[in-house]
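Have a look at the structure below, then the notes.
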Number of protein chains: 2
Amino acid sequence: MSRLLIASIDRFGPLQNDVRDSLNDVAQEVEVIAAGQTIVSPGAPSRLRLLSRGVAFRQHVLAGGGRQILGFATPGDLLDLSGLFTGADHEVRALGPCEIRQISAHEVRLLIRRHPSLLAALCRAVMTEARVQRNWMVGLGRRTALARTANLLCEIYARQAVVAVARDNRCPFPALQSDIADALGLSAVHTHRVLRSLTKSGLATVRDGELVIHDWDGLAALAEFDPEGLRPLHDPRATVPARPAGVADPAMAQAFG
Amino acid sequence: MSRLLIASIDRFGPLQNDVRDSLNDVAQEVEVIAAGQTIVSPGAPSRLRLLSRGVAFRQHVLAGGGRQILGFATPGDLLDLSGLFTGADHEVRALGPCEIRQISAHEVRLLIRRHPSLLAALCRAVMTEARVQRNWMVGLGRRTALARTANLLCEIYARQAVVAVARDNRCPFPALQSDIADALGLSAVHTHRVLRSLTKSGLATVRDGELVIHDWDGLAALAEFDPEGLRPLHDPRATVPARPAGVADPAMAQAFG
DNA sequence: CGACAGTTTGAAGCGGCTCAATCGGGGTGG
DNA sequence: CCACCCCGATTGAGCCGCTTCAAACTGTCG
């Protein structure tokens with residue numbers, strides 16, 4: 001029963017029924033991972049891993065001991081797209097407690113060989129991730145600490161809204177201030193002050209592992225948040241209804257909510 | 001005759017002979033583009049474009065008028081991977097005069113349908129680009145202006161060394177200081193000072209549209225440059241000889257040099 | 001109760017920005 | 001052939017965002 005996996009891949013271009021059937025037949029391994037544990041090590045043998053619960057992050061550690069967080073993953077995200085055909089070039093860790101489902105590299109290879117449309121979907125997944133990365137690059141290079149932080153919070157919420165994990169303007173986000181700092185290219189101290197100012201402006205609060213949005217419109221405006229950058233790319237031949245930002249995808253919501 | 005295109009895609013996993021044959025039969029349009037002109041507009045209809053001569057760059061322009069350069073492309077690079085199945089999310093422009101070769105979206109679609117291994121190769125090309133982006137993110141977030149600049153120069157040289165366009169420690173790089181600034185997330189003034197200090201330290205010089213490396217080892221050390229991050233991903237089932245940084249790929253060199 | 005991890009707050013310093021002026025080269029029109 | 005202009009490189013001065021260092025505070029766990 002890999003309802004979750006099918007729904008997650010389906011976002012990137014409607015899968016044919018025969019692909020769904022094949023995916024259904026594949027043995028799937030479920031694993032629970034504690035906060036802070038490594039999910040994918042750099043260079044690890046490739047598999048197809050789906051984050052089914054929790055929040056994870058990708059990071060690159062520098063020689064000097066510092067690190068840059070390269071992105072966050074929320075339920076419904078595939079974790080090792082960057083290393084599907086080869087070893088991963090970065091590390092993926094659990095931010096909070098996570099649950100993942102994975103299928104072996106061998107199975108993936110068989111599936112892909114049998115169903116080129118699956119490969120196309122995975123390819124679109126990779127392109128979607130690359131697009132999110134570009135948005136981060138813009139933020140790191142050209143946005144102020146405040147806008148950058150606001151943007152991150154918008155992204156975290158919008159991602160989890162799709163799978164209906166975010167509700168009533170709140171969603172899980174078990175990050176330390178130093179984690180947020182390493183994601184935004186800031187110091188932990190300054191990150192704290194920025195978060196503080198966001199709270200005082202009545203925009204959003206990060207506390208006790210939870211993100212609370214007080215004023216979505218205000219936050220999005222400050223961030224110049226573009227939800228388009230998060231939308232999964234799909235097969236252009238198929239018509240997929242566009243949803244406004246922060247609104248759940250029915251299929252994903254049913255699977256993950 | 002699409003020798004260049006075949007060699008370029010071949011980097012991302014050896015193509016079967018039948019794929020090569022098909023690529024050979026495809027009509028290819030050659031276009032020359034003046035410096036500064038747009039090659040790919042955001043949302044443009046997808047095609048498969050190869051940069052055969054010159055240097056191009058990807059950029060995202062901000063509401064406030066600023067911009068972030070997201071990456072550079074050198075001969076042998078595919079230009080609209082991010083929009084292969086859908087519209088591009090960013091702009092690609094010619095930095096200096098460029099020559100591109102392209103095949104229509106329709107042709108691409110046919111080729112991909114007929115040859116899944118081609119799709120796999122393109123997928124690896126996308127993943128390779130995503131990896132380069134991650135390296136930029138690390139730089140923008142966590143490296144000093146000096147290291148970041150050094151890193152960029154290393155990347156520009158190493159990319160063009162593969163296709164033997166870079167030789168004798170020099171290669172084309174027709175960027176204004178303001179271009180470099182927008183790539184590194186710096187101001188033009190500060191970029192100038194950093195370049196100046198690199199020159200005075202005897203490491204590298206950017207002048208008259210050309211990059212000259214005076215001390216590769218010193219520059220690479222300052223940059224903590226990792227050539228691994230640029231290496232094209234290829235099919236893990238195939239054995240491809242690893243080449244040290246800055247050394248030409250024989251096939252690419254023959255095609256582009 | 002102390003030990004520890006993470007948050008909070010203050011103060012000082014620096015990297016990089018902004019503003020502003022000058023310099024240099026290539027093109028253009030007189 | 002020269003005067004002019006324009007764009008980009010260059011240089012200086014002052015400022016601000018963010019960093020670093022340091023200390024106090026809070027909650028949690030043994």
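- Every side chain to side chain donor-acceptor pair (under 3.5 Å) that B:E155 has, sequence neighbours left out, goes to B:W136, B:R159.
- First and last contacting nucleotides of DNA chain D toward chain A (any atom under 4.0 angstrom from a heavy atom, 5' to 3' order): D:dC18 to D:dC21.
- Rounded to 10 degrees, the angle separating the terminal helix axes of the helix from C:dC1-D:dG30 to C:dG30-D:dC1, each built from five base pairs, is 30°.
- Residues of residues 54-74 of chain B having a heavy atom closer than 4.0 Å to DNA chain C: none are found.
- A search for ring pair (Phe, Tyr, Trp, His ring centres under 6.0 Å) contacts involving A:F57 returns nothing, not counting sequence neighbours.
- Within residues 184-204 of chain B, the residues approaching DNA chain C are B:G185, B:L186, B:S187, B:V189, B:H190, B:R193, by heavy-atom distance under 4.0 Å.
- Heavy-atom distances under 4.0 Å link DNA chain D to no residue of residues 145-154 of chain B.
- Residues satisfying the salt bridge (charged side-chain N to carboxylate O under 4.0 Å, His left out) test with A:R131, not counting sequence neighbours, are none.
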Anything under 3.5 Å between a donor and an acceptor, one on a side chain of residues 29-44 of chain A, the other on a protein residue two or more places apart or in another chain? List them.
unit_1: A:E29; atom_1: OE2; unit_2: A:Q102; atom_2: NE2; d: 3.2
unit_1: A:E31; atom_1: OE1; unit_2: A:Q102; atom_2: NE2; d: 3.2
unit_1: A:T38; atom_1: OG1; unit_2: A:E91; atom_2: OE2; d: 3.2

Listing, residues 188-198 of chain B side-chain donor-acceptor contacts under 3.5 Å, not counting sequence neighbours, or none:
unit_1: B:T191; atom_1: OG1; unit_2: B:S187; atom_2: O; d: 2.8
unit_1: B:S197; atom_1: OG; unit_2: B:V194; atom_2: O; d: 3.2

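- Note on residues 165-175 of chain A: pairs passing salt bridge (Lys or Arg N to Asp or Glu O under 4.0 Å), not counting sequence neighbours, are A:R170-A:E210.
- Sorted by first then second residue, the salt bridge (Lys or Arg N to Asp or Glu O under 4.0 Å) pairs that include residues 57-66 of chain A, not counting sequence neighbours, are A:R58-A:E129.
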